[in-house]
There are 2 protein chains.
Amino acid sequence: MPAASTELIAVIVAVTGGDPRVLTIADARALPSGSFESGHRSLQAGLRSWVEQQTHQPLGYVEQLYTFADSDRGAEAAGRTISVSYLGLTREARVTGQAAGWQSWYRYFPWEDQRGGTPAMICAQIAPALRRWAASPVQQQRAVITFGLDGRPWNEELVLQRYELLYEAGLVEEWHRRHAPGQLPQSLPGEPMAVDHRRILATGIARLRTKIKYRPVFFELMPDSFTLLTLQQTVEALAGRLLHKQNFRRLIDSQNLVEETGAMATETGGRPAKLFRFRGDVQDERAIAGTKLPLLRS
Amino acid sequence: MPAASTELIAVIVAVTGGDPRVLTIADARALPSGSFESGHRSLQAGLRSWVEQQTHQPLGYVEQLYTFADSDRGAEAAGRTISVSYLGLTREARVTGQAAGWQSWYRYFPWEDQRGGTPAMICAQIAPALRRWAASPVQQQRAVITFGLDGRPWNEELVLQRYELLYEAGLVEEWHRRHAPGQLPQSLPGEPMAVDHRRILATGIARLRTKIKYRPVFFELMPDSFTLLTLQQTVEALAGRLLHKQNFRRLIDSQNLVEETGAMATETGGRPAKLFRFRGDVQDERAIAGTKLPLLRS
DNA sequence: CGAGTTATGCTCATACCCAGCATAAGTGGG
DNA sequence: CCCACTTATGCTGGGTATGAGCATAACTCG
């Protein structure tokens, strides 16, 4: 029975000032992580303990993301490493220790921020490089669909697919580290991270962008009271695209998720906005939602 | 750096004759499983190898389900076990070895089959027991919502929540094994499984019931050609509830997933039905779907 | 006071989903 | 051959959700 060490890796997300942030260590080069030890009551408890030890950031909601053990991860000499990754949501606090800090996640994935329209780098840099790389029509098609080229719609959920495509095409530094060490092209898109942390971050972003559509996860990201515009901007930061204001409001209040606090926000720059808070009692009822099959009554 | 052994556990699903089946070993008491070994190229490869070795059932689509390491799992003396579970879909083949076989999953979760209306056992057995157990209004509420009592709608996705509620209420044998060994009430609902395999199965069913609503997973479960009724019955088997026939058909062909083979099925008992096959070329296009945010054009 | 900014209410067309009606095309029994 | 029964398939009519915009209200700043 060969034993393997188990590693815990955290993608901790906050939204501050309209920017989606991820908690990092090692001068923005790595995600908080540590090994699963016998003192840990559970995987999740071990993860919380490592994050708090490395960054002193308190955690709220945490869910499991994915477990990796592929042999393309670091040294495989003395037993392999299993990596269990988690996604967590919080509000940003001051962090300390181990060169810890909060980074905009678009630093690692600049092409994912489509709030100001399609980033220039996609047309100028990524699309041409992908077309040069794509040998078969199938690969062409894959590039066109995942990046929404040729006028196709942008699908913000395909974060991981886009990263993997860039990886296979040799357009991220992580690929060169493994397959062509030494020679590194200048100006590859997005900052790299240690080992496969950037891939794990992509997995986390994708999960969050999917989840936000059917479950009100922004709960954990918002302060106690907020305006609807702030809430909208938080969602926009995560989704990487802009939303229709009036329809967003209708959506929110049709869900009955929030209630007015009675107070108003005055520093809006325009008409003062009502302040809202989340209704505490909605947790369970949420569970009832969700269906897309043509069900039958009886 | 404490090492732990890693275990792979498989929830392999097929649908045969309108029955959702799960692949088991040990005379229907356990799921196929084995330890992750250095010879395995990846977690998934290890899993496939164990399943084929233990049951000789060929596998198709496989995806990761969840990773467990909670200390409520078996012996925690000499190093802990990490369990990585997978969900797989196939067509049922003849299996052999290790007391392997296919079981209807409703054998383990009889309350989950609502195709013939709410099973009598819910009103007769489960609901009263839960009401007796529920101490606080919160617990009452939880029981009422997860089991759709008091006329509330049944949500077929809450498979895991229902199992966990029954567990906490001491209404499944697995709870008694851990917390009150020796004395076992008669007639607890559903057959038990080894260790926490029934919980893992619940996780798999829940995942499948969720997934079937936004991705055409039944691909792997169907023979090469089939009638629309057979397809509908397959979905009904998984969802545990009946669907509106005409609307189901409209849904299917609006998705452009299938095409007519030209042939007809004659043994329907009524008017002969057209036979269909899945269109092979639809894979990528699927990716574009899925959104529920009020997006903006520009 | 006017320009600029944000908040908020409402409308309208469209797409999609629920539920059922109606008809077609087989089977088996008298 | 006719009838009762079963399954297949087409279509309609009402509801609800969604996309896109118009219009107005209530502030700040110069």
Side-chain angles (χ1 to χ4, degrees), chain A residues 17-18 153-156 212-214 216 225-236 239 241-276 288-298, chain B residues 17-18 115 153-156 212-214 225-236 239 241-276 288-298:
Chain A
W154 174 261
N155 184 340
E156 72 278 0
I212 207 171
K213 290 179 182 157
Y214 64 95
S225 90
F226 49 84
T227 69
L228 292 182
L229 181 59
T230 316
L231 181 59
Q232 178 179 347
Q233 286 168 335
T234 299
V235 176
E236 288 176 337
R241 51 196 313 184
L242 300 178
L243 308 181
H244 182 109
K245 187 173 193 165
Q246 296 93 322
N247 291 345
F248 179 78
R249 290 157 162 275
R250 181 177 54 188
L251 188 75
I252 293 299
D253 82 30
S254 75
Q255 313 243 68
N256 255 351
L257 290 175
V258 300
E259 59 190 6
E260 303 180 11
T261 66
M264 305 283 280
T266 52
E267 318 81 16
T268 53
R271 172 172 168 178
K274 289 179 187 166
L275 284 171
F276 291 82
I288 299 182
T291 165
K292 251 191 184 173
L293 292 176
L295 295 176
L296 217 52
R297 281 274 167 98
S298 78
Chain B
R115 287 174 294 177
W154 173 262
N155 184 339
E156 72 278 2
I212 205 170
K213 289 178 184 159
Y214 64 96
S225 89
F226 48 85
T227 69
L228 292 183
L229 181 58
T230 316
L231 181 59
Q232 178 179 348
Q233 286 169 336
T234 300
V235 176
E236 288 176 336
R241 50 194 313 182
L242 300 179
L243 307 181
H244 183 108
K245 188 173 193 165
Q246 296 93 322
N247 291 343
F248 178 78
R249 289 159 162 273
R250 181 180 48 191
L251 187 76
I252 293 299
D253 82 28
S254 75
Q255 313 244 69
N256 256 351
L257 289 174
V258 301
E259 61 191 4
E260 303 181 9
T261 65
M264 304 284 279
T266 51
E267 318 80 17
T268 53
R271 172 174 166 177
K274 290 178 186 165
L275 283 171
F276 291 82
I288 300 183
T291 165
K292 251 192 185 173
L293 292 176
L295 295 177
L296 217 52
R297 281 274 167 100
S298 76

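Letters A, B, ... are given to chains in the order of the sequence lines, protein chains preceding strands, and every chain is numbered from 1. Being a predicted model, the structure only gives us computed values, none of them experimental.
Over its length, the helix from C:dC1-D:dG30 to C:dG30-D:dC1 turns its helix axis by 0°, as judged from the five terminal pairs at each end, rounded to 10°.
Here the closest heavy-atom approach between residue A:Thr227 and residue A:Ala273 is recorded as CG2-CB, 3.8 Å. Minimum interatomic distance between B:Thr261 and B:Phe276 (heavy atoms only, all atoms of both residues): CG2-C, 3.6 Å.
Rounded to an integer number of Å, the gap from CZ of B:Phe248 to C1' of D:dT7 is 16 Å. With rounding to whole Å, B:Leu243 atom CG is found 10 Å from C:dC18 atom P. Straight-line distance from the CE atom of B:Met264 to the P atom of D:dT7: 16 Å, rounded to whole Å. In this entry the distance linking CZ of A:Arg249 with C1' of D:dG19 reads 17 Å, nearest Å. Following rounding to the nearest Å, A:Asn247 (CG) and C:dT8 (P) show an atom-to-atom distance of 16 Å. The CZ atom of A:Arg250 sits 13 Å away from the P atom of C:dG9 (whole-angstrom rounding). What separates NZ of B:Lys245 from P of C:dA22 is a distance of 18 Å, to the nearest Å. Computed from coordinates, the B:Gln255 CD to C:dA15 P distance equals 17 Å when rounded to whole Å.
Nucleic acid contact for B:Leu228: none, since no nucleic acid atom lies under 4.0 Å from a heavy atom of the residue.
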Checklist entry - Nucleotide by nucleotide, 5' to 3', does protein get under 4.0 Å of the base (B), only the sugar-phosphate (S), or neither (-) in nucleotides 24-30 of chain D, counting heavy atoms? => result -BBB---
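Taking CD from A:Glu259 and NZ from A:Lys274, the interatomic distance works out to 13.0 Å, rounded to the nearest 0.5 Å. Distance check: A:Asn247 CG to A:Ile252 CD1 gives 11.5 Å after rounding to the nearest 0.5 Å. Summarising the geometry, atom CG belonging to A:Leu229 is positioned 7.5 Å from atom CZ belonging to A:Arg249; distances are rounded to the nearest 0.5 Å. Remark: A:Gln232 CD to A:Leu228 CG distance equals 8.5 Å, nearest 0.5 Å.
Out of D:dT18, C:dA7, D:dG21, the shortest distance to the side chain of A:Gln246 is found at D:dG21.
Residues passing the side chain to side chain contact (heavy atoms under 4.5 Å, CB included) test with B:Arg115, sequence neighbours excluded: B:Asp19, B:Pro20, B:Tyr106, B:Asp113, B:Glu236, B:Ala237, B:Leu242.
Between A:Thr234 and A:Phe226 there is no side-chain heavy-atom pair separated by less than 4.5 Å.
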Item to check | B:His244/B:Arg250 under side chain to side chain contact (heavy atoms under 4.5 Å, CB included): CA gap, chis, key distance, verdict | outcome: CA-CA 10 Å; B:His244 183 108; B:Arg250 181 180 48 191; over 6 Å; no
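In terms of phosphate contacts, A:Lys274 brings no side-chain nitrogen or oxygen within less than 4.0 Å of OP1 or OP2 of C:dA7.
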